[in-house]
Amino acid sequence: MTNNVTEFPKRDDVDIEAAQAYFDDLIDRDLRIEPADWMPDAYRKTLTRQVSQHAHSEIIGMQPEANWILRAPSLKRKAILIAKVQDEAGHGLYLYSAAETLGTPRDELNQQLLDGKAKYSSIFNYPARTWADMGAIGWLVDGAAIQNQVPLCRTSYGPYSRAMVRICKEESFHQRQGWEILYTLAQGTPEQKQMAQDAINRFYGPALQMFGPPDAESPNSKQSMAWKIKRFSNDELRQRFVDMIVPQCEALGLELPDPDLKWNEERGHYDFGELDWDEFFAVIKGHGPCNAQRMARRREAHDNGAWVREAAAAYAEKQAAEADTAVA
Ligand SMILES: [Fe+2]
Ligand SMILES: [Fe+2]
């Protein structure tokens with residue numbers, strides 16, 4: 001398929017020193033870098049990786065919830081869940097568009113995912129076992145996503161920051177609908193309340209891991225902060241998230257599965273226990289409960305969509321030919 005990627009000025013035409021100074025100045029002044037601006041190769045590469053992996057996560061993240069659309073307990077729940085999963089598809093599309101402006105065509109980015117060369121968020125390699133998981137995913141997973149993504153609305157790369165504004169608005173609806181599913185279950189029968197608790201027990205740890213490894217083990221974070229791609233460290237974001245969900249969980253009448261969780265008056269934050277980082281790295285390396293299933297499903301969906309891509313390309317070609325005839 002064709003794609004409309006901007007041609008960037010060749011390096012020979014650019015005074016690198018002046019361009020770097022201009023770039024540094026834009027970053028210093030908290031202004032945005034736009035697609036046609038010169039940028040260091042490493043900045044472009046880091047962002048291409050981050051934005052495309054973010055896009056892949058949105059697309060793969062549709063799977064655990066799509067799994068429950070046909071089993072939603074009511075028409076209202078089904079309609080909400082369909083809308084939510086559709087939003088995630090939209091997030092993927094905005095983000096692929098933003099990634100493409102950095103110069104790598106979208107089909108190439110997609111191929112990296114299909115070939116298993118690109119990562120996506122490890123959280124989506126966990127199964128959604130019960131209806132309560134739709135609540136836990138919305139509340140905890142979308143909740144963690146918001147915590148991560150609100151600062152990205154001010155990230156230094158213009159197209160990425162603008163995509164995040166709308167995404168965050170939708171994520172906040174996702175989080176509320178998740179909390180409301182859990183709230184409803186928590187007010188139900190003892191079995192329903194237990195189902196909600198069980199979902200929280202399974203998603204709490206993996207949701208906290210969504211912020212990435214501890215700062216000391218996150219070597220790329222420092223450069224990303226200097227470029228103002230990242231605004232807060234992994235540990236800072238994780239702390240904010242814990243501080244946010246503790247009172248929300250109390251309002252649910254449920255518990256977070258961490259015996260070390262307690263308010264620290266001195267720090268003005270909640271202390272919480274060590275996470276299972278061995279599990280996190282194992283899941284990232286492909287050994288999570290659903291990695292193989294998620295990738296198989298994505299490849300199947302890609303193959304099943306071949307006719308759509310072919311039809312779209314044929315239509316675009318036909319339109320271009322008609323436009324040519326009209327001009328002639
Ligand atoms: Fe999303
Ligand atoms: Fe979401």
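Position 1 is the first residue of the sequence, and the numbers go up from there. First listed ligand is number 1; within each ligand, the first listed atom is number 1.
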Parallel, tilted or perpendicular: rings of Tyr96 and His56 (30°, 60°): tilted

Cut-off under 2.8 Å, centre the Fe ion (ligand 2), protein N/O/S atoms: Glu88 OE2, Asp142 OD2, Glu171 OE1, His174 ND1

Residue pairs, two or more places apart or on separate chains, that pass side chain to side chain donor-acceptor pair (under 3.5 Å) and touch residues 260-274: Gln239-Arg267, Asp243-His269, Trp263-Glu265, Asn264-Asp271, Arg267-Asp271, Glu274-Trp277

Anything under 3.5 Å between a donor and an acceptor, one on a side chain of residues 229-237, the other on a protein residue two or more places apart or in another chain? List them.
from   : atom 1 : to     : atom 2 : distance (Å)
Lys230 : NZ     : Asn234 : OD1    : 2.5
Arg231 : NE     : Arg154 : O      : 3.2
Arg231 : NH1    : Asp30  : OD1    : 3.3
Arg231 : NH2    : Asp30  : OD1    : 2.8
Arg231 : NH2    : Arg154 : O      : 2.7
Ser233 : OG     : Asp215 : OD1    : 3.4
Ser233 : OG     : Asp215 : OD2    : 2.7
Ser233 : OG     : Glu236 : N      : 3.2
Ser233 : OG     : Glu236 : OE1    : 3.4
Asn234 : ND2    : Phe211 : O      : 3.3
Asn234 : ND2    : Pro213 : O      : 2.9
Asn234 : ND2    : Ser218 : OG     : 3.3
Asp235 : OD1    : Arg238 : NH2    : 2.9
Asp235 : OD2    : Asp215 : N      : 2.9
Glu236 : OE1    : Ser233 : N      : 2.7

Side chain to side chain donor-acceptor pair (under 3.5 Å) between Arg77 and Thr184, intermediate numbers included: CA-CA 12 Å; Arg77 293 292 186 198; Thr184 305; 3.3 Å; yes

Working for side chain to side chain donor-acceptor pair (under 3.5 Å), residues Gln248 and Trp139: CA-CA 9 Å; Gln248 292 179 353; Trp139 178 47; 2.7 Å; yes

Donor-acceptor list for residues 119-129 side chains, cut-off 3.5 Å, not counting sequence neighbours:
from   : atom 1 : to     : atom 2 : distance (Å)
Tyr120 : OH     : Asn125 : OD1    : 2.6
Tyr126 : OH     : Glu279 : OE2    : 2.5

